[in-house]
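Below is one structure, written out as structure tokens; the observations come after it.
Chain letters run A, B, ... following the sequence lines, proteins first and then strands; every chain starts at 1. If you're wondering where the values come from, they're calculated on a predicted model, not measured in any experiment.
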There are 2 protein chains.
Amino acid sequence: MAFKSIQPARRRLADEVYEELIEAIIRRDIGPDDSLVQEKLAAEMQISRTPVREALMRLENEGVLEVSKRGSFRLYQMGDEEVKELYQSRAAVEGQCARILAVNHTPEDIAYLRGVVEREENVTDHSVRGYFEANRNIHMSFVERANNRFLMDMFNMIWGKALVFPLFATIENVELEKSLGDHMQLVDVIASGDKTEALEVFTDHIQDGFNLQIAGLHAS
Amino acid sequence: MAFKSIQPARRRLADEVYEELIEAIIRRDIGPDDSLVQEKLAAEMQISRTPVREALMRLENEGVLEVSKRGSFRLYQMGDEEVKELYQSRAAVEGQCARILAVNHTPEDIAYLRGVVEREENVTDHSVRGYFEANRNIHMSFVERANNRFLMDMFNMIWGKALVFPLFATIENVELEKSLGDHMQLVDVIASGDKTEALEVFTDHIQDGFNLQIAGLHAS
DNA sequence: GTTATGTATACTGTATACAGTATGCAAATA
DNA sequence: TATTTGCATACTGTATACAGTATACATAAC
């Protein structure tokens with residue numbers, strides 16, 4: 001019987017709150033000037049402070065929130081320098097995945113990745129959110145196939161922070177479209193089996209994303 | 001006035017508990033068969049369950065603890081496959097730091113790193129714990145100089161998990177001594193300025209550590 | 001002997017009350 | 001005007017009580 005593994009862990013109220021907060025941040029319901037107060041959130045959600053508190057602290061731990069003057073929480077604001085560092089860490093994680101995959105991939109991996117890129121690059125949702133998701137899905141699929149749970153954790157941490165800024169997603173649609181059409185080369189270089197080249201191609205791709213990002217930020 | 005920055009953040013009881021638990025794990029006071037129960041720990045420490053609960057959940061989030069059958073917490077047990085993945089993620093983080101430093105370092109960086117390696121490789125504390133700390137200090141100093149807070153976070157996450165197994169530290173002392181005498185080459189390759197070579201040398205160094213680790217585990 | 005069923009136990013999750021602390025503002029002093 | 005002092009306010013951190021849920025074990029049924 002494998003039913004139990006479908007329900008992996010106990011669902012706590014704090015998880016609910018955590019996800020609702022992230023959703024609210026993505027929807028821009030929560031802005032940089034809002035202060036998140038345990039009591040108010042608890043009242044709004046009709047629950048007690050305890051799970052709210054837990055969710056807020058988790059988000060703080062992940063670097064999404066920070067404590068503001070009065071002790072309450074607010075969105076963490078990233079500066080240009082930090083954005084650079086975040087992209088560097090992306091390159092570390094995804095570059096290593098590329099190296100792993102270059103050395104160690106099956107034909108099925110390549111076919112799967114080609115499928116993902118093809119599907120996601122032709123996404124019909126042309127919103128900023130849509131592009132963000134498509135881009136993330138593509139990059140995530142490489143990490144998935146590298147089959148390393150720690151690299152996957154790190155990937156999620158990084159992209160989680162990206163929600164906040166709003167990073168990886170501020171650029172105008174036209175540029176997003178351009179940057180989204182460039183992923184098949186990533187599969188190709190993995191298929192070539194050259195791990196050093198794979199790392200360079202991935203690093204350059206992510207660097208391009210960074211440049212677009214910075215340009216987009218300074219345009220607005 | 002710069003007094004305020006000395007006291008960086010509010011100190012919570014949960015932080016205390018968190019650190020005490022980690023200390024206890026390192027001292028092997030908490031073994032793989034112990035089950036950590038909120039109420040019992042709270043009673044022992046003469047505090048309420050709330051901060052204990054918070055600390056336990058943080059450790060679970062970091063992958064140090066896992067929930068056991070009855071709902072309580074216990075040490076997370078890593079398998080060989082996971083150890084391999086952990087080392088791969090180490091290579092991702094520290095390898096990227098090496099690339100950053102190779103391209104972008106000052107003479108002061110090199111001098112500083114040489115100093116650290118020299119000092120730590122001649123550590124007088126010959127206990128397993130002593131070697132572990134020396135090794136970590138050396139590796140941490142590279143990450144510090146790479147000056148990227150996200151890579152630093154990841155480094156701490158990885159080495160935090162290492163406490164548990166007891167990873168990076170199970171090997172017999174004689175082997176530790178051998179592996180500890182090999183760090184100056186890491187500084188040299190950074191000083192050379194070749195980022196591709198730097199990555200390879202760091203990756204190989206970490207791979208060596210992995211091989212020692214696995215050998216040590218299977219010997220015991 | 002194996003499978004089902006009930007019950008005790010061992011824990012957690014959530015709500016809530018209370019105490020404490022940092023901030024901001026307003027009044028008082030120099 | 002500039003600085004100190006005091007007080008109200010806005011929050012959190014911690015303790016505790018209560019309810020709920022999954023496990024384990026014993027007993028019953030087949």
Side-chain angles (χ1 to χ4, degrees), chain A residues 1-21 24 30-77, chain B residues 1-21 24 30-77:
Chain A
M1 252 247 284
F3 269 117
K4 198 154 239 167
S5 59
I6 288 176
Q7 195 180 37
R10 188 79 155 291
R11 183 123 189 113
R12 297 175 287 196
L13 253 180
D15 300 324
E16 220 83 39
V17 177
Y18 177 84
E19 280 166 26
E20 277 199 42
L21 285 174
I30 295 174
D33 296 328
D34 293 313
S35 94
L36 302 174
V37 176
Q38 296 180 2
E39 242 168 320
K40 282 182 192 164
L41 289 171
E44 273 176 42
M45 297 173 148
Q46 317 238 46
I47 56 175
S48 86
R49 254 180 57 209
T50 310
V52 173
R53 173 180 158 73
E54 194 186 313
L56 287 173
M57 289 196 305
R58 215 150 97 204
L59 287 165
E60 189 210 356
N61 219 291
E62 289 171 11
V64 174
L65 300 180
E66 66 180 341
V67 285
S68 78
K69 321 245 151 172
R70 209 62 168 240
S72 64
F73 292 91
R74 48 186 283 186
L75 278 185
Y76 182 74
Q77 295 290 41
Chain B
M1 253 249 282
F3 269 115
K4 198 154 239 166
S5 59
I6 288 176
Q7 196 181 38
R10 186 78 156 291
R11 182 120 189 116
R12 296 176 289 195
L13 253 180
D15 300 323
E16 220 83 40
V17 177
Y18 176 84
E19 280 165 26
E20 278 200 43
L21 285 174
I30 295 173
D33 295 329
D34 293 311
S35 94
L36 303 174
V37 176
Q38 295 179 1
E39 242 168 321
K40 282 182 192 166
L41 289 171
E44 272 176 43
M45 297 173 146
Q46 316 239 44
I47 56 175
S48 86
R49 255 180 56 209
T50 311
V52 173
R53 174 181 158 73
E54 195 187 311
L56 287 172
M57 286 196 306
R58 216 150 98 205
L59 286 165
E60 188 210 356
N61 219 290
E62 290 171 11
V64 174
L65 300 180
E66 65 180 343
V67 285
S68 79
K69 322 246 146 172
R70 208 63 169 241
S72 64
F73 292 91
R74 47 186 285 183
L75 280 184
Y76 182 74
Q77 295 290 42

Nearest whole Å is fine: how far is [N] [atom2] from [X] [atom1]?
X: A/M45; N: C/dA15; atom1: CE; atom2: C1'; value: 16 Å
X: B/K40; N: C/dC11; atom1: NZ; atom2: C1'; value: 10 Å
X: B/L41; N: C/dC11; atom1: CG; atom2: P; value: 11 Å
X: B/F73; N: C/dA10; atom1: CZ; atom2: C1'; value: 14 Å
X: B/R74; N: C/dT12; atom1: CZ; atom2: P; value: 14 Å
X: A/Q38; N: D/dG13; atom1: CD; atom2: C1'; value: 9 Å
X: B/E16; N: D/dT14; atom1: CD; atom2: P; value: 10 Å
X: A/R12; N: C/dA15; atom1: CZ; atom2: P; value: 14 Å

Fill in the blank from the handout: d(A/Q38 CD, A/R49 CZ) to nearest 0.5 Å is 4.5 Å
Problem - CG-OG distance between B/D34 and B/S72, expressed to the nearest 0.5 angstrom - result: 10.5 Å
Practice task
I would like to know whether B/R12 and B/D15 meet side-chain contact (heavy atoms from CB on, under 4.5 Å); could you show each step before the answer?
Solution key: CA-CA 5 Å; B/R12 296 176 289 195; B/D15 300 323; 3.7 Å; yes
Practice task
Tell me what A/E39 touches on the nucleic acid: a base, only sugar-phosphate, or nothing, going by heavy atoms under 4.0 Å.
Solution key: base
Practice task
Could you tell me whether the side chain of B/V64 reaches within less than 4.5 Å of the side chain of B/L21, counting heavy atoms only?
Solution key: no
Handout entry: Side chains of A/R58 and B/M57 in contact at under 4.5 Å (non-hydrogen atoms)
Key = no
Exercise for the section: Give the C-alpha distance, both sets of side-chain angles, the deciding distance and a yes or no for side-chain contact (heavy atoms from CB on, under 4.5 Å) between B/L65 and B/L36. Expected result: CA-CA 9 Å; B/L65 300 180; B/L36 303 174; 3.9 Å; yes
Completion exercise
Contact check, residues 46-61 of chain A vs DNA chain C, heavy-atom distance under 4.0 Å, returns A/I47, A/S48, A/R49, A/T50, A/P51
